[in-house]
**Q** 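One structure, as structure tokens, below. Some questions next.
Everything quoted here is computed from the prediction, not taken from an experiment. Just so you know, these numbers use all the heavy atoms, side chains as well, and skip hydrogens, waters and symmetry mates. Below, chain A is the first sequence line, B the second, and so on; all start at residue 1.
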Amino acid sequence: VSLSTQQTRRYSAPTDSAIPPNKAKYVPTEGTYPKGFVVGSAHAQVKASNTKFDDLALIASETPCSAALVTTQNHFQAAPVSVSKKIMFQHQSKSIRGVVINSGCANAVTGKGGREDAMRMAKLTHDLLNKRNPSPHDKSAEVEAKESVKEGTVQIAEDDQDVSAIRTLVMSTGVIGQRLPIDRIEAKIPTLVESLGNTHDHWLRSARAICTTDTFPKLLSRQFTLPSYPGITFSIAGMTKGAGMIHPNMA
Amino acid sequence: TLLGVICTDAPIQKTALRTLLSTATNSSFNRITVDGDTSTNDSVALFANGMAAPGSDVVRLNHLNRAELPTRGASLPPRKLEKQSEDYKEMNKVLTSFMEDLAKLIVRDGEGATKFVTVRVTKADNHTAAHVVANSIATSALVKTALYGKDANWGRILCAIGYAPGNTCIRPNQTSVSFIPADGSEELKLLVNGEPQAVDEARAATILEMEDLEILVKLSNKEKDVGEATVYTCDFSHEYVTINGDYRT
């Protein structure tokens with residue numbers, strides 16, 4: 001026992017955000033980003049040891065948009081996975097506003113309380129997004145947004161799966177089996193919404209905020225054309241994260 | 001955990017968006033592995049707001065170009081529903097390529113990884129069988145530690161092929177394995193039709209020094225066997241254990 005204890009090496013998260021020199025070539029210094037999308041990030045200290053780096057990200061469309069979602073087929077689906085699937089199903093993939101993401105805690109295997117946390121996170125973000133850009137398709141949510149902002153709280157419906165007023169998806173990544181520090185997250189969501197912008201720097205900071213043990217943010221953007229739209233250049237941009245527990249089988 | 005968010009300003013109908021994402025996922029994110037563990041949280045979302053062409057028709061699942069769409073109230077001939085529009089095909093190509101590049105970035109940043117490894121399996125009974133074999137190699141801890149140690153231990157690759165689950169298409173005397181160097185130089189044949197080759201260890205060491213490597217497996221010599229699959233993986237280092245030994249605490 002003594003020997004194995006001595007052999008254990010402890011991991012410490014990097015104390016700065018320096019990207020290893022051999023990975024720097026994968027981080028873009030500029031990009032072309034799709035019109036009408038804004039992204040942002042904020043620091044909520046989801047993981048207690050993270051005192052410095054942004055761990056909340058928001059990717060949103062200025063107008064409600066079509067969405068598609070693939071998720072893990074692991075039978076123990078995390079709370080944000082089941083909540084996001086429910087939102088997509090309820091609204092038939094239409095008029096979705098975006099997605100709010102936290103790193104540092106996966107909100108997985110956290111039961112009913114975890115689902116409530118995921119819904120609170122999605123609902124407050126959606127309400128504030130709607131306040132920022134009122135949507136003609138989402139009048140009820142707009143009214144609720146005014147009320148929740150006035151009261152300073154977000155109420156959760158008794159049915160923990162009632163997502164009728166939520167059109168923003170939610171994702172989480174990090175440690176499994178721990179509850180989200182939802183109060184800290186909610187306190188920072190207004191800052192997150194205020195941080196929204198569409199520059200390369202916004203996209204890069206947002207890509208970094210979803211990282212866990214990743215050594216570099218993963219962000220790509222590209223332009224393309226479609227045969228039926230002569231003279232129009234479209235853009236696509238994407239961010240991803242992942243370093244360990246990686247063997248996706250999504251559907 | 002893998003998370004991904006993709007946004008485009010192209011106008012895409014929601015049903016088309018779903019099939020586009022599903023198709024592209026199967027040839028990108030579902031083709032990578034770092035440690036063989038499937039997360040509770042893996043999610044990829046695709047958003048399309050049509051802002052680059054507001055007010056226009058959309059890329060549709062029914063595969064018709066705008067000019068081919070029926071006028072309001074008219075019915076659509078069933079055979080036209082089968083037709084793939086050029087828009088749909090192009091969007092599929094763009095999205096698949098884009099998502100493959102995003103997926104590869106994850107493998108390059110696998111915890112503790114020092115190598116990016118492409119495992120390509122050809123001449124299997126079908127694509128599914130090829131995928132199973134490629135996965136078996138790409139998730140083998142012993143193959144991955146050998147790659148980290150720059151050891152051309154092709155015996156472990158053969159071992160992983162041999163125990164690939166549910167596979168009856170393995171014919172040891174028709175199986176060939178090669179390393180394809182990242183610098184474009186000639187492949188290094190390790191096994192041809194089940195017979196081990198005299199391996200130039202110095203050349204093998206040079207190839208394994210490179211960050212990128214391809215392992216090419218040919219399962220058959222028969223013309224009819226056209227199953228192919230590619231899986232992207234990385235090596236397995238001490239650092240992986242260090243990072244994950246106390247991830248929670």
**Q** How about A/Y229 and B/P11: do any of their side-chain heavy atoms sit closer than 4.5 Å?
**A** yes
**Q** What closest approach, in Å, do B/F47 and A/A67 show between heavy atoms, and which atom pair accounts for it?
**A** CD2-CB, 3.6 Å
**Q** With side chain to side chain contact (heavy atoms under 4.5 Å, CB included) as the test, would you mind laying out the steps for B/I106 and A/K218 before giving the verdict?
**A** CA-CA 8 Å; B/I106 289 177; A/K218 296 158 191 69; 4.0 Å; yes
**Q** Would you mind reporting whether A/H247 and B/N135 have side-chain heavy atoms less than 4.5 Å apart?
**A** yes
**Q** Side chain, backbone, both or neither: which part of B/T139 has a heavy atom under 4.5 Å from chain A?
**A** side chain
**Q** In terms of heavy-atom pairs under 4.5 Å with chain A, which of B/R31, B/M99, B/R108 leads?
**A** B/R108
**Q** For the candidates A/P20, A/G242, A/P34, which exhibits the highest count of non-hydrogen atom pairs separated by less than 4.5 Å from chain B?
**A** A/P34
**Q** Any side-chain donor paired with an acceptor under 3.5 Å for B/D87 and A/S228?
**A** yes
**Q** Looking at B/D101 and A/R222, is any side-chain nitrogen of the basic one under 4.0 Å from a carboxylate oxygen of the acidic one?
**A** yes
**Q** Do the side-chain N and O atoms of B/D109 and A/T215 include a donor-acceptor pair separated by under 3.5 angstrom?
**A** yes
**Q** Go through the atoms of A/S221 and report whether side chain, backbone, both or neither lie under 4.5 Å from a heavy atom of chain B.
**A** backbone
**Q** If you count heavy-atom pairs within less than 4.5 Å of chain B, which of A/A207, A/S84, A/G174 leads?
**A** A/G174
**Q** Could you check if a side-chain atom of A/K241 sits within less than 4.5 angstrom of a side-chain atom of B/T1, using non-hydrogen atoms only?
**A** yes
**Q** Taking A/C65 as the fixed residue, which of B/N49, B/I12, B/D9 is the one that meets the side-chain contact (heavy atoms from CB on, under 4.5 Å) rule?
**A** B/N49
**Q** Please check if atom CZ in A/R205 has more than 12 non-hydrogen atoms from other residues, nucleotides or ligands closer than 6.0 Å.
**A** yes
**Q** Check each atom of B/T114 against the heavy atoms of chain A and say whether the ones under 4.5 Å are side chain, backbone, both or neither.
**A** neither
**Q** A/Y26 and B/L105: which non-hydrogen atoms are nearest, and at how many Å?
**A** CB-CD2, 3.9 Å
**Q** Closest approach of A/L69 and B/S43, non-hydrogen atoms and distance?
**A** CD1-CB, 4.5 Å
**Q** What part of A/T233 is in contact with chain B, defined as an atom under 4.5 angstrom from a non-hydrogen atom: side chain, backbone, both or neither?
**A** backbone
**Q** I'd like to verify something: which residue of B/L17, B/T40, B/T33 has the highest number of heavy-atom pairs under 4.5 Å with chain A?
**A** B/T40
**Q** Shorter than 4.5 Å, heavy atoms on both sides: which option in B/G4, B/A48, B/A53 has the most such pairs with chain A?
**A** B/A48
**Q** Show the numbers, then the answer: is there a side chain to side chain contact (heavy atoms under 4.5 Å, CB included) between B/L3 and A/T240?
**A** CA-CA 5 Å; B/L3 296 184; A/T240 188; 5.8 Å; no
**Q** Decide yes or no for B/L95 and A/I236: does some side-chain heavy atom of the first lie under 4.5 Å from some side-chain heavy atom of the second?
**A** yes
**Q** Under a 4.5 Å cutoff for heavy-atom pairs, which residue among B/I6, B/T233, B/L102 has the most contacts with chain A?
**A** B/L102
**Q** Less than 4.5 Å apart, side chain to side chain, heavy atoms only: is that true for B/N41 and A/M171?
**A** no
**Q** Could you look at A/T225 and say if it's the side chain, the backbone, both or neither that has a heavy atom under 4.5 Å from chain B?
**A** backbone
**Q** Under a 4.5 Å heavy-atom cut-off, does chain A meet the side chain of B/A113, its backbone, both or neither?
**A** backbone
**Q** Kindly give the heavy-atom pair with the smallest separation between B/A10 and A/F224, and that separation in Å.
**A** CB-CZ, 4.0 Å
**Q** Considering only heavy atoms from C-beta outward, does the side chain of B/T8 approach that of A/S235 to under 4.5 Å?
**A** no
**Q** Which atoms of A/K47 come close to chain B, meaning under 4.5 Å heavy atom to heavy atom: side chain ones, backbone ones, both, or neither?
**A** side chain
**Q** Where is the tightest heavy-atom contact between A/A243 and B/V34, given as atom of each residue plus distance?
**A** O-CG1, 3.3 Å
**Q** Is A/Q73 in contact with chain B via its backbone, its side chain, both, or neither, using a 4.5 Å heavy-atom distance?
**A** neither
**Q** Decide side chain to side chain contact (heavy atoms under 4.5 Å, CB included) for A/T72 and B/S39; before the verdict, give the C-alpha distance in whole Å, the side-chain angles of both, and the deciding distance to 0.1 Å.
**A** CA-CA 7 Å; A/T72 182; B/S39 171; 5.6 Å; no
**Q** As a quick check of understanding, evaluate side chain to side chain contact (heavy atoms under 4.5 Å, CB included) for A/M250 and B/L2, giving each step before the final call.
**A** CA-CA 10 Å; A/M250 296 180 289; B/L2 160 79; 3.3 Å; yes
**Q** Using a cut-off of under 4.5 Å for heavy-atom pairs, which of A/A251, A/G238, A/A237, A/G177 has the most such pairs with chain B?
**A** A/A237
**Q** Using non-hydrogen atoms only, which part of A/I232 is less than 4.5 Å away from chain B: side chain, backbone, both, or neither?
**A** side chain
**Q** Identify the heavy atoms of B/T38 and A/M245 that sit nearest to each other, and give their distance.
**A** C-CG, 4.3 Å
